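Read through the structure below, which is laid out as structure tokens, and then see the notes.
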Amino acid sequence: MTWLAFPKRLQSALKALCCLAQSGREMHSQKIAARIGVSNAETAKILQLLVWGGFVTSRRGTKGGFHLSSSANRITMGQGIDFFLARHPVEPEERSPVMSVLRESIAPCQRAFARLSLAAVARPRKRREKRSVTDAANKSAKTT
């Protein structure tokens with residue numbers, strides 16, 4: 001799997017999932033849209049896809065909204081990425097020595113990022129805290 005570039009909708013979906021994880025409660029789509037900086041219409045489409053993928057559930061009405069379908073510790077970045085890329089694949093890149101080396105170089109980081117739980121990514125970080133993606137992924141893998 002190659003993630004050299006995330007489609008815009010995938011980026012927005014990951015942001016929406018993190019928003020819900022940080023909230024810890026149901027949220028209306030308009031509030032999610034405002035927090036992630038995406039239009040209401042696009043956010044509604046993204047949330048619909050996340051419901052279809054089993055990441056999010058929804059309840060209609062004034063007391064309703066969207067929420068994670070399971071604990072943020074049980075949802076990984078890789079699951080969300082794989083779900084979206086299976087339906088909206090990234091355009092194939094040219095075969096060149098530069099791109100081959102780049103793919104090989106970033107592969108360990110991609111694997112580490114894929115193992116990160118949504119909770120680990122959504123957790124507020126201190127500015128001075130300098131943890132590597134690999135350290136966070138290892139910690140996340142131990143908690144799941």
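Values in this document were obtained by computation on a predicted structure and should not be read as measured data. We number each residue from 1, following the sequence as shown.
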inquiry  = Please check if the number of heavy atoms outside Gln48 that lie under 6.0 Å from its CD is greater than 12.
reply    = no
Closest non-hydrogen atom pair between Ile46 and Arg9, with its separation = CG1-CG, 3.8 Å
inquiry  = List the residues meeting side-chain contact (heavy atoms from CB on, under 4.5 Å) with Ser39, not counting sequence neighbours, and say none if there are none.
reply    = Ala41, Glu42
ask   = Are Leu50 and Phe66 close enough, and set up right, to give a side chain to side chain contact (heavy atoms under 4.5 Å, CB included), and what steps lead you there?
value = CA-CA 10 Å; Leu50 290 171; Phe66 293 88; over 6 Å; no
task = Only counting residues at least two apart or in another chain, list the ones meeting side-chain contact (heavy atoms from CB on, under 4.5 Å) with Cys18.
result = Leu118, Val121, Ala122
ask   = Run the side chain to side chain contact (heavy atoms under 4.5 Å, CB included) check on Thr76 and Leu116 step by step: do they pass?
value = CA-CA 5 Å; Thr76 66; Leu116 285 173; over 6 Å; no
request  = Apply side chain to side chain contact (heavy atoms under 4.5 Å, CB included) to Met77 and Phe113, showing your working.
outcome  = CA-CA 7 Å; Met77 294 284 92; Phe113 185 74; 3.7 Å; yes
message = Which heavy atom of Leu10 sits nearest to which heavy atom of Ile81, and what is that distance?
response = CD1-CA, 3.9 Å
ask   = Do any pairs count as a ring-ring contact (aromatic ring centres under 6.0 Å, His included) and have a residue in residues 37-64, sequence neighbours left out, and if so which ones?
value = Trp52-Phe83, Phe55-Phe83
ask   = So do the side chains of Arg35 and Gln22 get within less than 4.5 Å of each other, counting heavy atoms only?
value = no
message = Going by the rule side-chain contact (heavy atoms from CB on, under 4.5 Å), which residues pair with Glu26 if we only count those two or more places apart in sequence or in a different chain?
response = Arg59, His67
ask   = How far does CG of Leu68 sit from CZ of Arg25, to the nearest 0.5 angstrom?
value = 12.5 Å
remark   = For Ile36 and Cys19 the tightest heavy-atom approach is CG2-CB, 4.2 Å
Candidate pair Leu20 and Ile32, rule side chain to side chain contact (heavy atoms under 4.5 Å, CB included), full reasoning = CA-CA 8 Å; Leu20 288 168; Ile32 295 168; 3.8 Å; yes
Set of side-chain contact (heavy atoms from CB on, under 4.5 Å) partners for Ala33, sequence neighbours left out = Asn40, Thr43
task = Indicate the atoms forming the closest heavy-atom contact of Ser12 with Val38, along with that distance.
result = OG-CG2, 3.4 Å
inquiry  = Applying ring-ring contact (aromatic ring centres under 6.0 Å, His included) as the test, list every pair that has at least one member in residues 10-37; sequence neighbours left out.
reply    = none
